[in-house]
There are 2 protein chains.
Amino acid sequence: MPLTLEDIARLSGVSRSTVSRVINADVNVSDETRRKVLEVINYYNFQPNLAARGLATGRTNVIGVVIPAGVSVIFTDPYFPQLLQGISSVCNTRNYSVMLWLAEPEYERRMITRILHNGLVDGVVVAKILINDPIIQSLIDSKMPFILIGRHPTVDVNYLDVDNFQAGRKATMHLVRLGYRRIATITGSQDQVVGYDRYQGYLKALQDTGHPIKPELVVEGDFTEEGGYTAMQRLLKYKPDAVFVASDMMAYGAMRALREARLRIPEDVAVMGFDDIPASAKTDPPLTTVRQPVYQMGSKAVDVLIDIIEAGPAAIRKVLMDTELVVRASCGASKME
Amino acid sequence: MPLTLEDIARLSGVSRSTVSRVINADVNVSDETRRKVLEVINYYNFQPNLAARGLATGRTNVIGVVIPAGVSVIFTDPYFPQLLQGISSVCNTRNYSVMLWLAEPEYERRMITRILHNGLVDGVVVAKILINDPIIQSLIDSKMPFILIGRHPTVDVNYLDVDNFQAGRKATMHLVRLGYRRIATITGSQDQVVGYDRYQGYLKALQDTGHPIKPELVVEGDFTEEGGYTAMQRLLKYKPDAVFVASDMMAYGAMRALREARLRIPEDVAVMGFDDIPASAKTDPPLTTVRQPVYQMGSKAVDVLIDIIEAGPAAIRKVLMDTELVVRASCGASKME
DNA sequence: TATGATTATGGGAGCGCTCTCAAAAGACAA
DNA sequence: TTGTCTTTTGAGAGCGCTCCCATAATCATA
């Protein structure tokens, strides 16, 4: 049977209250008493019961992490392990624990109420929510602090995301600087925020550098390899010399289409991807792409969430994070030199 | 403020005890009363506070999952996401929650005591523990129910693992049946249980089928690509016609060595891997290998653990799971036909 | 030395639940 | 009607902690 506060109190000849003060680093304890109590605590390796503390304080120092299962089956990408590492790391340093919920559809509704109302967690991180997921409204109604990973277009909630606009701009700028003149794009689905934002970044880069925007050089994809392939086929007749593809998966498809058309990468057409999934380092040629700071997104999200939990409700926090251009061979070297 | 049992009791005109009985499906409640109370509970979407319940019962219905960080940085493999899915799935159906700990080395000791003694979890699943990790002794001392994923050679604890011996045997048998005569093996480190077991399976298959065991056809590797490469180089002069490599990673190295030696796979040398990491479907040629039922390992481990938690201490449970041969092109078709 | 301010400690209530035990309410037979 | 047995309900204590308040001890100052 584990020891209790009362046991420690008895063993060190003080009251339960004093032991509690020592554990919670209250200043109103004499050095002598503190020393005595700590000795006993360390000797017995005492750990206060967190369920009891949770009951007394109304706070558990546990955060929930919700990952929709529909998303978490995507195993080709180290996204979730990295995200969890980031989350876990901050939780460790800030003395929180992580409750993980992989939300299977059939349990989803039951589960949500269980999470929200059972007093088990102080706040929730929701990863990669599907647009218009009912969970968001439940969360808002519950008054539980929460943060989304992936920005939400319509509802005013705390979120953290990659700055897809700047990233799209940065990627396109890279192509511009290398001297490409007919820069096409295969966008993501325009009804998804990420697809839209990356496309807007592409447009901005061209505008800023005085490049004309040619509608025929813009094709909408759907984030799949197949979609990238057909999109590239359609682009071919307009003879682009470079293409910014809004996801690595689509970029693979685009590269396949180029190979079939006997075009060399990057000599005939340069290819820029987005995501930097691991396989992109090993394509032929290795893919230049944009990397998201996944680990940092996890840690930052939790940091913000814990701030909200501990400081109480404040202004909505919207955090955008920078991406990193990963230059490999698929865009070639400068055409200027 | 969330409602309490007392609130529900008042609202439905019964006592706190009766509401508790209804929630816990106690039989000693009249149908009429039960109906009345359930109505109120559903109307207000009441959820009992789990911290309070935990305090009262000494059970939390939470299991801890510990993944050493040294291992979880391995991102090339969907191992952990799949394992977590399996774990999570059973937890959902059996009404448990998952507390996730990615053990960073610097926090490890602190964390372990926190997990074990703070009354937050009823049991622990420890994934891919390093051999002789001190965590095992701590777990044993703590009397907390726990199960290892990955069998432990020396200490007598609950574990669940893949049957590496049978798997090694099965893989080798496949090569035998295809008619290969000089079947070599690149083993894993022999000081790791998995490496040893797979090698023993190889030996058994050869014995059972009356093949002589040629020591020159056995080279010890270290589970790295580089190790597989050098091991294969050493094997070449003994002219094997097939090689069972104890991990896919090493198999990639072995294939590289074969390509450099201008040997065709599988015409000159067949290659059998182990693990079925995703990239193995896309090597040239695609790698025949052994797949571990990772998802099932997660779910089975939790199933066993919860049984132990709910039934109380019993005999040590040691579970071995079957593997699946994934036949692709790297071992060719039968030489007999 | 008495007084008040300050610091250190202990006692009690209460967080929301479960669980035991006793009492109340019915059911039934004599 | 009374008594016995069974079913249903309620009251109370307690899980291990925090937090408030009262009291005791210490110290500075008049």
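Worth knowing before you read on, the calculation uses all heavy atoms, side chains too, and leaves out hydrogens, waters and symmetry mates. By convention in this document, chain letters (A, B, ...) are assigned in the order of the sequence lines, proteins followed by strands, and residues within each chain are numbered from 1.
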* Asked: Picking from B:Val22, B:Asn49, B:Val19, B:Thr18, what satisfies side-chain contact (heavy atoms from CB on, under 4.5 Å) with B:Leu5?
  ->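 When side-chain contact (heavy atoms from CB on, under 4.5 Å) is applied between B:Leu5 and each of B:Val22, B:Asn49, B:Val19, B:Thr18, only B:Val19 qualifies.
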
* B:Ile147, B:Ile136, B:Leu139 screened by side-chain contact (heavy atoms from CB on, under 4.5 Å) with B:Val126, the one that passes ->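 With B:Val126 as partner, side-chain contact (heavy atoms from CB on, under 4.5 Å) holds for just one option, B:Leu139.
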
Whole-Å distance between [N] [atom2] and [X] [atom1]?
X	N	atom1	atom2	value
A:Asn49	C:dC17	CG	P	17 Å
B:Leu55	C:dC15	CG	P	13 Å
B:Ile8	C:dT18	CD1	P	13 Å
B:His117	D:dC17	NE2	P	14 Å
A:Gln47	D:dC17	CD	P	11 Å
A:Arg35	C:dA8	CZ	P	16 Å
A:Glu6	C:dG12	CD	P	11 Å
B:Arg21	C:dG16	CZ	P	21 Å

* Sugar-phosphate, base or nothing in reach of A:Ser17, heavy atoms under 4.0 Å ->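 Base, at least one base heavy atom under 4.0 Å.
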
Report yes if at least one side-chain N or O of [X] is closer than 4.0 Å to OP1 or OP2 of [N]; otherwise report no.
X	N	answer
A:Thr18	C:dG10	yes
B:Ser20	C:dC17	no
B:Ser15	D:dG10	yes

* Asked: If every non-hydrogen atom of A:Ser142 is compared with every non-hydrogen atom of A:His117, which pair is closest and at what distance?
  ->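 That would be CB-CE1, 4.1 Å.
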
* Asked: Between the side chains of A:Ser20 and A:Ser17, does any donor sit under 3.5 Å from an acceptor?
  ->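 Result is no, nothing qualifies.
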
* **B:Tyr96-B:Thr60 side chain donor-acceptor pair, cut-off 3.5 Å** =>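 No pair is found: no donor N or O on one side chain lies under 3.5 Å from an acceptor on the other.
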
* To do: Using a cut-off of strictly less than 4.0 Å between a heavy atom of the residue and any atom of DNA chain C, enumerate the qualifying residues of residues 22-34 of chain A by number.
  =>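 Hits under 4.0 Å, by residue number: A:Val27, A:Asn28, A:Val29, A:Ser30, A:Thr33.
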
* To do: Drop me the distance from A:Ile63's CD1 to A:Leu120's CG, to the nearest 0.5 angstrom.
  =>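 Nearest 0.5 Å value for the CD1-CG distance: 13.0 Å.
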
* To do: Please tell me which of B:Gly13 and B:Thr57 maps to the more 5' nucleotide of DNA chain D, matching each residue to the nucleotide holding its nearest heavy atom.
  =>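 The residue closer to the strand's 5' end, by nearest nucleotide, is B:Gly13.
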
* Asked: Has the side chain of A:Asp122 got a donor or acceptor atom that lies under 3.5 Å from a matching backbone atom of A:Arg59?
  ->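 Pair absent, no side-chain N/O of A:Asp122 close to backbone of A:Arg59.
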
* To do: Would you mind telling me which of C:dC17, D:dT18, D:dG16 lies closest to the side-chain atoms of A:Arg16?
  =>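 Side chain of A:Arg16 sits closest to D:dT18.
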
* To do: Between C:dG10, C:dC17, D:dC17, spot the one nearest the side chain of A:Leu5, thanks.
  =>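 Selected nucleotide (nearest to the side chain): D:dC17.
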
